[in-house]
Amino acid sequence: MAIVRVALPVATNQLFDYWSPSGLEIRTGSVVRVRLGQRRLLGIAVDRVEATDVAPERVAPIDEVVTALPRLPPDLCALAQFVSEYYQQPIGQCFALLLPPLGVSAGGREPLARRYRLTAGGQAALAGLVNTRSAALQQLQRLLRAPEGAAIGELRDCGAHAWRTFAVWRKRQFVEPVPEKAEIAPGNIVLNAEQRAAVIDAMAEMDRFAPSLLQGVTGSGKTEVYFDSVARVVAAGRQALLLVPEINLTPQLEHRIKSALPRVSLAVLHSGLSSSARLGRWLAAARGDVQLVVGTRLAVFAPMPRLGLIVVDVEHDVSFKQQDGVRYHARDVAVYRARLRDVPVILGSATPSLETYAHARRGRYRWLRLPQRAIAQSVLPSVRLVPNRASDSREGLGAALRQAIADRVARSEQTLLFINRRGFAPSLLCVACAWKAMCPRCAARLVVHRDTGALRCHHCGYAEGLPSACPACGNQDLLPLGFGTQRLERALAELYPTARVLRVDRDSTRRKGAFATMRRAIAAGEVDILVGTQMLAKGHDFPRLTLVGVLGADNALYSADFRATERLFALLEQVAGRAGRGKLAGEVVLQTDFPDHPLYAALVDHDYNRFAETLLAERELLDLPPFAHLALLSAEASKRETVTAFLERAVAHGRALLATSELRCEVYPPVPAGLARRAGLERGQVLVQSSERSALHEFLPRWRALLERMRQQRVRWTVDVDPLEFA
Ligand code: ADP
Ligand code: ZN
Ligand code: ZN
């Protein structure tokens, strides 16, 4: 009896055995429907075996093969397997990442290539059909047999019946898009010497795994390097995948791609799409109809039978890390996928993550650089450090910054004031008894939101009305401490009564389409001063924006997170990159108490590498990533004792395991999480560290098997490999 091992979307890390009724054609990668207990589930056939350990009477049959989806290609199945093993995530949930939403019909306009021709397989399959009597089908075949293929319009003209047949042939991969001469649209942009050199290096070997770091300052034209590389891959008849951070996937980017690469058929994939649109685009990618897939994190799993290139833009961006559910890092998965497929992968950034930077430095990645802005008149903004807590400060704004803003307002140029805190003030304090407004469900302060008259928790969403008196002592003198976007917005309106002030943060852009409307208003010059969080840091191009003011950056310097300064530099360089992108020169004015900090000194020189070298030396000394490899076991439960007891036993198991093996790992004692209580649950964690990746990866599955056997029902726990957050 043929047994099929099926991956099902359940939390236990196992495959399930089913027997395969005769007549069903099931192979690795087939999508199938099965029953598990009372549930009917969708799964993926992973393997065929001759025998199973399950008692014969308990093995159920596979109910159905889902023919609406093509079989998943072997490299994708291998990728899911890798994610499961590397990130220690349940195998079935990893395979579930490969599937599009089902139970809907594919909607939207399905992207099609411009020209198609028969594949070798198609020619063979259709050889027996030459005597078909339908004139339309004969015409269809004749058109597709031509070496240069047929344009989509000609195929449509063969009539409705032939068009439906053509859809079937696409599904069966009897036809494929014709490779296009897809160079960047003429009249648009001619690559400069550095860009050309970068493309040539990155794409030197198209059939080999060849990772490159493309390090280019903001505005250096990295995007054009991506486009030209994509064009080369498409011209070779292959598909390309471009991953971008969530916030960069704007209609502007799509527009830019369409005008730069008008012959390339494109599908944009992100989680905000309707299920039917997602399914339609997924199918178009899987059938090879689209030549370029652009998407966020999840698109790293898009099926692409002729994948020839992966690009990860802003590779250091934290949105590539999936933080809940199945935890994985899309950049690292992308690199692995490129390795499986033997294709080039380009990681682009102005401020690469230290992990990527270290690979480039050791020569494991090619290191391509664009040191200058692409537009001749455009230079990187000058950075000026000014004192933070000056006596002349008004509502957090020192005299230097106030003057700089006043100058811009007078010249009708735009200012962006950047503060990474939304709300009015990050806490509320009673002056009489030192009471502080705390979230009842989290170990965190409540944030004052003036616009809605509420105290809000930014961790769990809890909200209550602003109190008029101290709940502890009745005193009416309550003091909002610190600054958030709302407070600055109000201060600016008072300081510059003639200026038009706009706040851009998660609160002000909650309504659908609000952000797009704001962006148009800014571009149209209807705004003088922008106050915003990191939403505004990325990818936007406003030609009249010449001043970026930065407040509250120092907070990151005292953070417990060892990555805080690396991130701060990246964020500041990105924010600074908003200034002076047009013909007007830009300036950054940053308020700080630590003007001598190496981070700020390097920022003034726009010299990321100098700072990266300092950080690397520090990490090496402290045995931190990228020199050490980490995994984090996080647990939560309603009682602190439960969490502690669980983690202590986990540590004991781990240490016992290490005592009887040669593995060089260290298991640290349990500590409370950065946020010790969230949404009513106590949280704790255990760090595991090793300087050998292989030792860590041998240790983890064995440890995890022991943890699973503990069957602690009151504790929820997860393992996070290569954690980015310790919160
Ligand atoms: P990055 O992605 O590196 O921040 P972009 O690709 O957005 O930079 O390029 C910045 C600006 O420079 C864009 O307006 C782009 O059109 C322009 N640009 C890029 N390459 C060239 C070039 N070779 N010649 C002229 N302009 C260019
Ligand atoms: Zn009080
Ligand atoms: Zn809370």
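Read the numbers this way: they start at 1 and go in the same order the structure lists the ligands and their atoms. Since this is a predicted model, take the numbers as computed values, not measurements.
Any protein N/O/S atom under 2.8 Å from the Zn ion (ligand 3) was counted, giving 4 altogether.
The environment of R716 atom CZ is sparse: at most 12 non-hydrogen atoms of other residues, nucleotides or ligands sit within 6.0 angstrom.
Shown here are the protein N/O/S atoms lying under 2.8 Å from the Zn ion (ligand 2), water excluded: C430 SG, C433 SG, C470 SG, C473 SG.
Residues passing the salt bridge (Lys or Arg N to Asp or Glu O under 4.0 Å) test with E205, sequence neighbours excluded: R208, R366.
In this model, no donor atom of one side chain and acceptor atom of the other lie less than 3.5 Å apart for R421 and T533. E246 and H270 form no side-chain donor-acceptor contact under 3.5 Å, judged by distance and modelled atom types alone. Residues R422 and T485 have side chains that never bring a donor and an acceptor to within less than 3.5 angstrom of each other. With no hydrogens or angles considered, a side-chain donor-acceptor pair links Q486 and D451 at under 3.5 Å. Side-chain N/O atoms of S353 and R331 include a donor and acceptor closer than 3.5 Å.
The 4.0 Å heavy-atom shell around ligand 1 contains residues I189, V190, L191, N192, Q195, V217, T218, G219, S220, G221, K222, T223, E224, R256, A374, I375, R581, ordered by chain and number.
Within the model, atoms CG of L347 and OG1 of T356 stand 5.5 Å from one another, a figure rounded to the nearest 0.5 Å.
No close placement of the H449 and F424 rings is indicated, their centers lying 6.0 Å or farther apart.
Checked against Y357 for a side-chain hydrogen bond (donor to acceptor under 3.5 Å, both in side chains), the options Q215, E613, H316, E566 give a single hit: E613.
Taking 4.0 Å as the cut-off between side-chain N and carboxylate O, D561 and R567 count as a salt-bridged pair. Ion pairing between a basic and an acidic side chain is recognised when a charged N comes within 4.0 Å of a carboxylate O; E587 and R408 show such pairing.
Nearest heavy-atom pair, F418 versus L571, reported as atom, atom and distance to 0.1 Å: CZ-CD2, 3.7 Å.
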